[in-house]
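So the structure is just underneath, and the comments pick up after that.
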Amino acid sequence: MPQLSRRAFASALPLGLLGGGLIGGVPAFAAAQNTAKTPLSVTPLAQIRIGRFTVTALTDGYADMPYDYFPGRSPAEVEQAAVAQFTARQSGVRFLFNQYLIDDGERRILIDAGAAGSIGQTGKLPQALATLGLQLDQIDAVIVTHMHQDHMGGLIAGGKNNYPKAELYIDRRDVKHWTDPAKRSGAPDYLQTSFQMADEVVRLYPKLQAIDGEREIVRGVSIVDLTGHTPGHIGVRIEDEGKTLIMVSDMVFPVVHPGATDVFFLFEQDRAAAKAMRDRFFPRAASEGALIAATHMPFPGLGRVVADRGQMRWEVADWALQD
Ligand SMILES: [Zn+2]
């Protein structure tokens, strides 16, 4: 993919990302000001409970996506929308790369593995897990929502299997698509890294389980078919004791969604399919009031799709001190 501006990454972070705590004994606000030119050095965590599950939002980092990465709208229109949401940056729309760890007290299931340095300021996931006291070989399963580099890079960073004990779940349609030499040779440059990584994932993870359709991984954790963004794009529904969280990965991109469905992200090859899924999903999510976790929304990526006088918008959800 095109080089993203590195200058932009040095800009000051929102205080929320620093957790409002202390950094080296200095109040976060002062630290944020003093270190405005250095990259993020602490990784944020957020935890919520869904019945017997503890779900921890983690993040591998962030990158700014240029305003011309959103087909369906002109760069000026995307920038204008970002200005209206007070999130405009010179370098584009800031994407977080959030992952979610599901822990039921017996098993730890990670959803997505991050870009691991292949895009922007990423590669923080191992550090975030270490903050929880976890090494990568303590992860029992990884569900990869689709085979774009920012969701599977961490699986194979450094050319090795980084989750040696984990079962790996990926939709069969994505495994097929991203390991198909014909698809690879017909794909644009910015998708080549994903094709190359997909080959490596298949080679390094003999325990890969290709998923066909919707199924339960463990009791209360099931796969949701969200085909569109990629052929085998999936989400994960976590459900227990009447509470639900749906991790929807790249169903929702910041600034442009869910307000419209005829706007896309550059990586989406089949725009008709991407639009069809969002046309179905946004109204359903709004009527269910479903709590959603989305990879690229501002950390921790938790919110709801709300229908506001016919217009869909993203409503950020509380994420701390919840029972
Ligand atoms: Zn993504």
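We count ligands from 1, going down the list as the structure has it; atoms in each ligand are counted the same way. Computation of the quantities below employed the complete heavy-atom set of this structure, encompassing side-chain atoms and omitting hydrogens, waters and symmetry-equivalent molecules.
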Checklist entry - Only one of Lys275, Arg271, Arg73 forms a salt bridge (charged side-chain N to carboxylate O under 4.0 Å, His left out) with Asp262, so which one is it? => result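 Exactly one option meets the salt bridge (charged side-chain N to carboxylate O under 4.0 Å, His left out) with Asp262, and it is Arg73.
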Checklist entry - Among the clusters formed by ILVMFWY side chains lying less than 4.5 Å apart, do Tyr205 and Trp178 turn up in the same one? => result yes
Item to check | Under-4.0 Å salt bridge between Arg52 and Asp240 | outcome: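 Between Asp240 and Arg52 there is a salt bridge, with a charged N closer than 4.0 Å to a carboxylate O.
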Item to check | Sidechain N-carboxylate O distance under 4.0 Å for Arg203, Asp199 | outcome: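 Salt bridge flag = no for Asp199 with Arg203.
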Next on the checklist: Would you compute the distance between atom CZ of Phe267 and atom NE2 of His229 and round it to the nearest 0.5 angstrom?
Outcome noted: 8.5 Å
Checklist outcome for this item: Closest non-hydrogen contact found for Pro300 with Tyr100 is O-OH, 2.6 Å
Next on the checklist: Please give me the protein atoms (N, O or S only) lying under 2.8 Å from the Zn ion (ligand 1), ordered by chain and number.
Outcome noted: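 Per the 2.8 Å query on the Zn ion (ligand 1), atoms found are Asp150 OD2, His151 NE2, Asp250 OD2, His296 NE2.
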